[in-house]
Amino acid sequence: MSGKHVERKRDNRVKTALMVTWTVIIIMIISAGCDEQPVTVGEGILPDEDFIDIDTLIVDAVDEIESFSYEFPIVTSGAQHIFAGETSELRIESIFRFTPPLTEVGLSPDTVRNAELFEASLFLQPSYYAGDSTEVIPLYLHEVISGWSTADFNKYVYESVNREKESIDDSMAMLGDTNATVFRLPRELMLKWAQQGDQSIISPGLILKSDDTANGIVGFHGPAGDNAPVLRIIYGTEGAQDTVSITQTVRAFAGYLKKDFNLRNNIILQAGVSTRSVVRFDISQIPEGAFIHNAELELTRNPDLSLSHPEVGDSLFAHQLIDPNKLTIDLTDRAGFTVTETDTVLTYTALVGDFVQRWVTIEENKGFVIRDHSETLGLHRASFYTEAEDNAAKRPRLKIIYSRM
């Protein structure tokens, strides 16, 4: 092999090594310029106007927020519990009826009227209570004498329903007891229901309530199933009886605040009644049409006005307020809250960037409505500090990260 050929091969190897070295150096330079902060990419290469400015606005000053609560007549038809009872703060009553007509289960008016032996009993199985488990509360059963529908049933509809002033029967319930509460129903009422069924008339049903001597609230299982309310009728003669058991019901309840919680100046979400809250921030500092990267609504729980339940907790959501006069909300879009605890302080946070984006582009900022998705399941209550709280860290806060467009 000639010396020139060997020298050419050596030069080629040197050139290849140099190319590989420069390639590695270039890759390292590019990698060093591409860190996790997108605004640093290409610094010193791209002109300043190509950068995206990201700003943060935190609204938590007293003068830039408004919050208050209000009572809202929730629809309670199909409730999981048949509630009754009173405390110093709340009162709740229920209305329900058995849906199959007595004639469908073989109880004609003549059968009810002529049976030698006739006994009708209502069994209610407890499934919820609020209060001291040593308390025993009185319960009263009243006959409903006007028709009602479960459609859009709320406490104002409940107040329009006619009922007998005198109770059919009364009983007692010990809070926390697992035994059924039993009421005796008169033959005259069953005869009326049988006659209504014979005429294809829906029987109006019953109301369960307590009185102001009670110091607690009990809830009985409502839907059909193993623990459903049972209307049990035994009829026939001393020697031969038949038994009919009816468990299918429709039901609703009406809850009332007895205590003045100063709703106008507090954020209170009372399940069962129900109360909801409006929280409104001034975000006029954000330029119109800005791009919202993220927005967080932060509320700090006020334990002094809150009421917890061991089995049924709150499930809170933020909605857009649509009409400030009627206090209507957008139910199709909502933001759930996550809860963090630091030194026994509970902070609720919801991601509301979509709401804020609409407010700075196509819609007017009317504020948030905070509601409890579990407001028909019990009597728990969540309360939060307002803009009047001395500790600024506990006031409602809206943190917005945005870019000017």
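Values below: all heavy atoms of this structure, side chains included; hydrogens, waters and symmetry mates excluded. Numbers here are sequence positions counted from 1.
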Using a 4.5 Å cut-off on heavy atoms from C-beta on, say whether the side chain of [Y] contacts that of [X].
{"X": "R251", "Y": "F220", "value": "no"}
{"X": "R301", "Y": "D314", "value": "yes"}
{"X": "L175", "Y": "D132", "value": "no"}
{"X": "P138", "Y": "D170", "value": "no"}
{"X": "L124", "Y": "V218", "value": "no"}
{"X": "Y128", "Y": "L379", "value": "yes"}
{"X": "R276", "Y": "I74", "value": "yes"}
{"X": "F261", "Y": "N266", "value": "no"}

Going from [atom1] on [X] to [atom2] on [Y], what distance comes out if it is rounded to the nearest 0.5 angstrom?
{"X": "L141", "Y": "L206", "atom1": "CG", "atom2": "CG", "value": "4.5 Å"}
{"X": "R280", "Y": "S67", "atom1": "CZ", "atom2": "OG", "value": "10.0 Å"}
{"X": "I234", "Y": "L117", "atom1": "CD1", "atom2": "CG", "value": "7.5 Å"}
{"X": "N154", "Y": "D152", "atom1": "CG", "atom2": "CG", "value": "8.0 Å"}
{"X": "Y235", "Y": "M190", "atom1": "OH", "atom2": "CE", "value": "14.0 Å"}
{"X": "S274", "Y": "L269", "atom1": "OG", "atom2": "CG", "value": "7.5 Å"}

Using a 3.5 Å distance criterion without hydrogens, assess whether the side chain of [X] forms a donor-acceptor pair with backbone atoms of [Y].
{"X": "S277", "Y": "I267", "result": "no"}
{"X": "R381", "Y": "L305", "result": "yes"}
{"X": "T275", "Y": "Q270", "result": "yes"}
{"X": "S315", "Y": "H373", "result": "no"}
{"X": "H142", "Y": "E164", "result": "yes"}
{"X": "D343", "Y": "V345", "result": "no"}

[atom1]/[X]: more than 12 non-hydrogen atoms of other groups inside 6.0 Å:
{"X": "E166", "atom1": "CD", "value": "no"}
{"X": "K155", "atom1": "NZ", "value": "yes"}
{"X": "I401", "atom1": "CD1", "value": "yes"}
{"X": "E288", "atom1": "CD", "value": "no"}
{"X": "K399", "atom1": "NZ", "value": "no"}
{"X": "N114", "atom1": "CG", "value": "yes"}

| task | Let me see the working for I283 and V360 under side chain to side chain contact (heavy atoms under 4.5 Å, CB included), right down to the final yes or no. | result | CA-CA 9 Å; I283 60 171; V360 299; 4.2 Å; yes
| Should D372 and H380 be marked as a side chain to side chain contact (heavy atoms under 4.5 Å, CB included) after you check the CA-CA gap, both sets of side-chain angles, and the distance that decides it? | CA-CA 10 Å; D372 189 343; H380 49 281; 2.9 Å; yes
For the residue pair [X] and [Y], does the interplanar ring angle fall in the parallel (under 30°), tilted (30 to 60°) or perpendicular (over 60°) class?
{"X": "F68", "Y": "Y70", "answer": "tilted"}
{"X": "F355", "Y": "W359", "answer": "tilted"}
{"X": "F83", "Y": "H81", "answer": "tilted"}
{"X": "F281", "Y": "F368", "answer": "perpendicular"}

| message | Walk me through whether I233 and V105 qualify under side chain to side chain contact (heavy atoms under 4.5 Å, CB included). | response | CA-CA 10 Å; I233 300 173; V105 295; over 6 Å; no
| request: Assess whether side chain to side chain contact (heavy atoms under 4.5 Å, CB included) is satisfied between F153 and V250, documenting all intermediate values. | output: CA-CA 11 Å; F153 191 96; V250 293; over 6 Å; no
If you compare all heavy atoms of [X] against all heavy atoms of [Y], which two are closest, and at what distance to 0.1 Å?
{"X": "Q125", "Y": "T178", "result": "NE2-O, 2.6 Å"}
{"X": "P229", "Y": "G222", "result": "CD-O, 3.2 Å"}
{"X": "I268", "Y": "S383", "result": "CG1-OG, 3.8 Å"}
{"X": "Y348", "Y": "V339", "result": "CE2-CG2, 3.5 Å"}
{"X": "F337", "Y": "A318", "result": "CE1-N, 3.6 Å"}
{"X": "S167", "Y": "Y140", "result": "CB-CB, 4.2 Å"}

Sidechain N-carboxylate O distance under 4.0 Å for [X], [Y]:
{"X": "D330", "Y": "R358", "answer": "no"}
{"X": "R404", "Y": "D55", "answer": "yes"}
{"X": "R395", "Y": "E389", "answer": "no"}

| Any side-chain donor-acceptor pair under 3.5 Å between S203 and Q196? |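 Yes.
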| So among K165, K192, R163, which one has a salt bridge (charged side-chain N to carboxylate O under 4.0 Å, His left out) with E143? |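 It is K192; the other options fail the test.
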| query | Among pairs that include at least one residue of residues 93-109, which meet side-chain hydrogen bond (donor to acceptor under 3.5 Å, both in side chains), considering only residues two or more places apart or in two chains? | reply |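 As it turns out, the side-chain hydrogen bond (donor to acceptor under 3.5 Å, both in side chains) pairs with a partner in residues 93-109, which skip direct neighbours, are R91-E93, E93-Y158, S108-T111.
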Side-chain donor-acceptor pairs under 3.5 Å in residues 181-188, sequence neighbours left out?
{"from": "R184", "atom 1": "NH1", "to": "S121", "atom 2": "OG", "distance (Å)": "2.4"}
{"from": "R187", "atom 1": "NH1", "to": "V112", "atom 2": "O", "distance (Å)": "2.9"}
{"from": "R187", "atom 1": "NH1", "to": "R113", "atom 2": "O", "distance (Å)": "3.4"}
{"from": "R187", "atom 1": "NH1", "to": "A115", "atom 2": "O", "distance (Å)": "3.0"}
{"from": "R187", "atom 1": "NH2", "to": "A115", "atom 2": "O", "distance (Å)": "3.2"}

